There are 2 protein chains.
Amino acid sequence: MFSIGQLSQASGVKVPTIRYYEEIGLLACDGRSAGNQRRYTAAGRDRLRFIAHGRALGLSLDAIRALLDLSDRERAPCRQAHAIAESHLADIRDRIARLQRLEQELERITNACDHDGAPCRLLEALADHGQCASAH
Amino acid sequence: MFSIGQLSQASGVKVPTIRYYEEIGLLACDGRSAGNQRRYTAAGRDRLRFIAHGRALGLSLDAIRALLDLSDRERAPCRQAHAIAESHLADIRDRIARLQRLEQELERITNACDHDGAPCRLLEALADHGQCASAH
DNA sequence: CCTTGAACCTCTAGTCACTAGAGAGATTAA
DNA sequence: TTAATCTCTCTAGTGACTAGAGGTTCAAGG
């Protein structure tokens with residue numbers, strides 16, 4: 001059995017975060033010590049690692065909860081798991097595309113002023129959405 | 001003078017959000033009607049547009065506040081404005097790079113299962129950070 | 001067995017940038 | 001005047017934590 005601190009070490013998830021996951025029903029502990037401290041089994045540790053990895057991959061706790069529910073039911077249902085992962089992948093690609101458009105606009109805006117003594121045009125450029133080449 | 005609803009129309013910012021900006025000291029109204037409703041001048045509208053555009057570019061409200069403070073002081077100080085914009089640009093580039101690494105890992109993970117009747121390996125792949133090619 | 005210090009407990013409140021809703025009052029057009 | 005729409009303040013909720021107060025339990029050394 002692991003203490004919450006050991007679980008934290010083993011997963012890289014901070015102690016208050018583990019308690020938070022319990023509070024929202026994502027990760028129950030596997031019992032308590034005589035003095036009311038949380039105790040976990042290896043299964044709990046693995047579940048937390050799954051959660052941590054999902055978070056590192058950018059999944060929401062809701063998506064992770066759905067995946068955990070799937071794997072709790074005997075044979076892992078391939079189709080739904082893929083649907084969740086692929087919808088997240090689509091979301092990431094969308095975010096990348098939007099960030100790249102922002103990058104271009106901000107480059108354009110910071111280049112609007114050439115630093116050579118003329119009044120700075122950066123704030124003007126920031127103010128004026130009409131100057132932007134693409135939507136954002 | 002504009003009502004809050006007109007300002008909302010002119011800027012694309014929702015009415016409660018405008019009140020929220022006032023609450024945090026980002027945008028004061030330019031007076032009140034006899035019946036205590038907020039009234040704004042064209043300057044207020046422009047300030048809100050600046051905020052809205054900054055938000056659309058992904059700037060935090062704190063960064064926007066700093067830029068507004070700069071432009072409130074007579075001549076726009078070029079150096080500081082650039083510093084803010086460029087630090088944000090660096091942040092965006094960093095986020096793009098991280099999202100691209102995530103994209104690759106998720107692609108690899110979703111390809112771990114080929115759907116052809118064998119047990120699904122997706123959940124396994126998601127569980128095991130050790131399989132990942134790069135950090136995330 | 002006793003002490004010490006680290007780890008643990010619960011609870012409340014704060015973060016960011018809003019969003020939702022209740023219940024009351026103001027404005028505007030017909 | 002009346003009806004419809006807008007606006008007011010206030011409270012509370014979102015996601016995913018983080019911080020802190022004030023108290024209790026555990027494990028190791030003596």
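Remember, predicted model here, so these are calculated numbers, not experimental data. The chains referred to below are lettered A, B, ... by the order of the sequence lines, with proteins before strands, and numbering in each begins at 1.
Side-chain atoms of A/Ile92 and B/Gln100, non-hydrogen and from C-beta on, never get closer than 4.5 Å to each other. Between A/Tyr21 and A/Ile64 there is no side-chain heavy-atom pair separated by less than 4.5 Å.
Side chain of B/Gln6 to backbone of B/Ser3: a donor-acceptor contact under 3.5 angstrom is found. Without hydrogens or angle criteria, A/Ser8 side chain to A/Ile4 main chain gives no donor-acceptor distance under 3.5 Å. Judged by distance alone, the side chain of B/His88 and the main-chain N or O of B/Ala63 form no donor-acceptor pair under 3.5 Å.
Within the 4.0 Å cut-off from OP1 or OP2 of C/dT27, at least one side-chain nitrogen or oxygen of B/Ser33 is found. Close to C/dC9, at under 4.0 Å from its OP1 or OP2, lies a side-chain N or O of A/Arg19. Contact check, B/Tyr20 against C/dC16: no side-chain N or O comes under 4.0 Å of OP1 or OP2.
Comparing B/Leu59 and B/Arg39, the nucleotide of DNA chain C nearest to each residue sits closer to the 5' end for B/Leu59. When the nearest nucleotides of DNA chain D are assigned to B/Gly5 and A/Asn36 by heavy-atom distance, the more 5′-ward of the two goes with B/Gly5. Remark on DNA chain C: of its neighbouring residues B/Gln37 and B/Pro16, the 5'-side contact belongs to B/Pro16, judged by nearest-heavy-atom nucleotide.
Across all strands, A/Arg55 comes closer than 4.0 Å only to sugar-phosphate atoms, never to a base (heavy-atom distances). Nucleic acid contact for A/Ile4: sugar-phosphate only, since backbone atoms but no base atoms lie under 4.0 Å from a heavy atom of the residue.
Note that the CZ atom of A/Arg19 and the CD atom of A/Glu23 stand 11.0 Å from one another [nearest 0.5 Å].
The nearest whole Å value for the distance from the CD1 atom in B/Ile24 to the P atom in C/dT19 is 13 Å. The separation between B/Glu23 atom CD and C/dC18 atom P is 13 Å, rounded to whole Å. Rounded to whole angstrom, the span from the CG atom of B/Leu26 across to the C1' atom of C/dA17 amounts to 11 Å. Nucleotide C/dC18 holds its C1' atom 15 Å from the CG atom of B/Leu27, rounded to whole Å. Atom pair A/Lys14:NZ and C/dA7:P shows a separation of 16 Å (rounding to whole Å applied). The interatomic distance linking A/Tyr40 (OH) with C/dC9 (C1') rounds to 12 Å, in whole Å. Between the CG atom of B/Asp91 and the C1' atom of C/dC16 there is a distance of 15 Å, rounded to whole Å. Distance CZ (A/Arg32) to C1' (C/dC9): 8 Å, rounded to an integer number of Å.
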Show your reasoning for whether side-chain contact (heavy atoms from CB on, under 4.5 Å) applies to B/Phe2 and B/Leu48.
CA-CA 12 Å; B/Phe2 306 101; B/Leu48 181 56; over 6 Å; no
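In 5' to 3' order, the nucleotides of DNA chain D bounding all contacts with chain A (an atom under 4.0 Å from a heavy atom) are D/dA16 to D/dC26.
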